[in-house]
Amino acid sequence: MTRRVAILISGGGSNMVKLAESMTGDHPARPVLVLSNDPAAGGLAKAASMGIPTASVDHRPFKGDRAAFETALQAVLAEAAPDIVCLAGFMRILTPDFVGRWQGRMLNIHPSLLPKYKGLHTHQRALEAGDAEHGCTVHEVTPALDDGPILGQARVPVLPGDTPETLADRVLVQEHRLYPAVLRRYAAGDRTRIDLG
Ligand code: GRF
């Protein structure tokens, strides 16, 4: 049975594009919705050009009322009836109640080698720590931030002279490899961890 995948974004959606491009041929899943908390997110136009239904629920009118925002988000998601939800550059923190509805069916990609550097500014923190390597992680989303079971990781070297920007660019290339690989396996019901060098 083809698995229905909704992808949540907040910005350019480069990970969303790679995920959508990967879901072809004998891939067990297909994208059914790209949903953003920002109506102006560049990824929405990219998804539309790929023929993927799009929607947005602007979080700003909810003025910090997370529950009300998530009720609206849930309504749009439920209509698409996804089997799997992929957070891809989605920059809103989700409440335990919302996560609880999707736990076991929701993935996220985080730009660090979890459990290191949960939260923001991961590249800056890796540089400040003097780490020799850095990378990205795909994990199942649980109520605790950036904390769920790890489904895959990809590693990159930290190079002399790296800035947060050069390091982020190197990591992003690996995100684009890792997330599609994990999704294909996950959509087939296989949660064996993937590690990319
Ligand atoms: C990137 O910084 C990436 O590391 C993280 O979200 C940000 C935007 O990603 N996953 P995208 O281009 O919108 O997928």
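As the structure lists them, so they are numbered: ligands from 1, and atoms in each ligand from 1.
In terms of heavy-atom proximity, Leu44 sits nearest to Ile9 at N-CD1, 3.8 Å. Nearest approach of His139 to Leu114, heavy atoms of both residues: CD2-CD1, 3.6 Å.
Residues Arg170 and Asp162 have side chains in contact (heavy-atom distance under 4.5 Å, counting atoms from C-beta outward).
The nearest protein atom to atom 6 (O) of ligand 1, hydrogens excluded, is given as Gly89 CA, 3.3 Å; this is a heavy-atom distance. Nearest protein neighbour of atom 9 (O) of ligand 1, counting heavy atoms only, is Asn15 ND2, 3.8 Å. With respect to atom 1 (C) of ligand 1, the closest heavy atom belonging to the protein is Leu172 CD1, 4.2 Å.
Here Pro111 has side-chain heavy atoms under 4.0 Å from ligand 1, and that is the only part of it that gets that close.
Taking a cutoff of 4.0 Å between a charged side-chain nitrogen and a carboxylate oxygen, Arg184 and Asp26 qualify as a salt bridge. The pair Glu140-Arg105 fails the salt-bridge criterion, with no side-chain N (NZ, NE, NH1 or NH2) lying under 4.0 Å from an Asp/Glu carboxylate O. Salt bridge Arg125/Asp131: absent, no basic N to carboxylate O contact under 4.0 Å.
Residue Glu175 has at least one heavy-atom neighbour below 4.0 Å for each of these atoms of ligand 1: 3 (C), 4 (O), 5 (C), 10 (N). Heavy-atom contacts of Ile109 reach the following atoms of ligand 1: 10 (N) (cutoff under 4.0 Å).
Residue contacts with ligand 1: Gly13 is included, with a non-hydrogen atom under 4.0 Å away.
In this structure, atom 13 (O) of ligand 1 has protein heavy atoms in its sub-4.0 angstrom surroundings.
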